[in-house]
Amino acid sequence: MISVSVPATSANLGVGYDVLGLALDLKARFTFETSTQKLEIVGDDPDFANEQNLIYQAFATFAKAIHQPVPNLRITVDSDIPSSRGLGSSATCVVGGIAAANAWFHAGWDRTQLLKLAAKMEGHPDNAAPAIFGQLCATILADTEPIVRQYPVSSQLQLVTFIPDYAVSTAEARQILPTTMTYADAAYQMGRCVLMTRALADGDLRLLHQVAHDRMQEPYRATLIPDYQAVRQLVTAANSVLLISGSGSTLLAIVEGATAARQLQAAASQQWPAWRVQIVQPSTEGVRVSES
Ligand code: HSE
């Protein structure tokens, strides 16, 4: 049996659209073993228990890439990560399926090769990179070759995820974005993206406040999250920084200190009792695969 664990990820960090992504300590766990049927999927939403399942599709895509037949599979799913909430659940499926197939066939692909295939399936690399490598990653694709560098995140910073009880479709959240931006906006954005990595590494909340102003995607996507302004108000009053996690609907607050994080969590849980408001930590670990 192959067992895989993959971390949730928060892509973009606001100003790093399609480039930055941070691994979190929420995990999806999958197992893969031989079945007497073509495919059994256990533990996933019944809507996803079929051959279109992304974990299975990723496994099959890997098998095809190395010219191997897809075996009869029983896949079990045990995930802490809600789907369509901007926490990289689809990247966990893609990375989980590919990494499991790599072990199943003893193919020996390294993490960059896995990322190349995962980024192709996902359409962008910023969730898949931290899901594979862990930590805060900046990733570019040189043609289709991924180039990844990891950055530290200061332990002084605390992360609070506001996970609403409604989804946002990534496809819709990409479609509403404009197709061009001005040189002035591009320069504005580049500076903030570079300094965001420094602010996170140094735990510099003042710098975070100065750089967390995105012009590429957040202003458009905020309109897809009905409670965005109310959450912003709460988080700003707590002297914390608010980002949209990936394409939403989850909102990510960056807070200084554990006490402030707990206070923000308590206030938000009271205001939105149906939401999951959770303090999370960056995960230094990416995908893990074991065989038994
Ligand atoms: N960078 C991607 C986007 C992440 O913002 O559309 C999607 O989760």
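In what follows, every heavy atom counts, from backbone to side chain, and hydrogens, waters and symmetry copies are set aside. Atoms within a ligand are numbered from 1 in the order they appear, just like the ligands themselves. Being a predicted model, the structure only gives us computed values, none of them experimental.
- A donor and an acceptor atom, one from each side chain of E40 and S35, are located under 3.5 Å apart.
- In this model, no donor atom of one side chain and acceptor atom of the other lie less than 3.5 Å apart for S245 and T250.
- Listed by chain and number, A11, N12, Y17, D18, H124, D126, N127, T170, R174, R221, S247 each place a non-hydrogen atom less than 4.0 angstrom from ligand 1.
- The pair D110-K116 does not meet the salt-bridge criterion, since no charged nitrogen lies less than 4.0 angstrom from a carboxylate oxygen.
- Shown are F59, W109, F32; of these, the ring-ring contact (aromatic ring centres under 6.0 Å, His included) with W104 is made only by F59.
- For the residue pair Q189/D214, the side-chain donor-acceptor check at 3.5 Å is satisfied.
- Sorted by first and then second residue, the ring-ring contact (aromatic ring centres under 6.0 Å, His included) pairs with a member in residues 197-234 form an empty list; sequence neighbours excluded.
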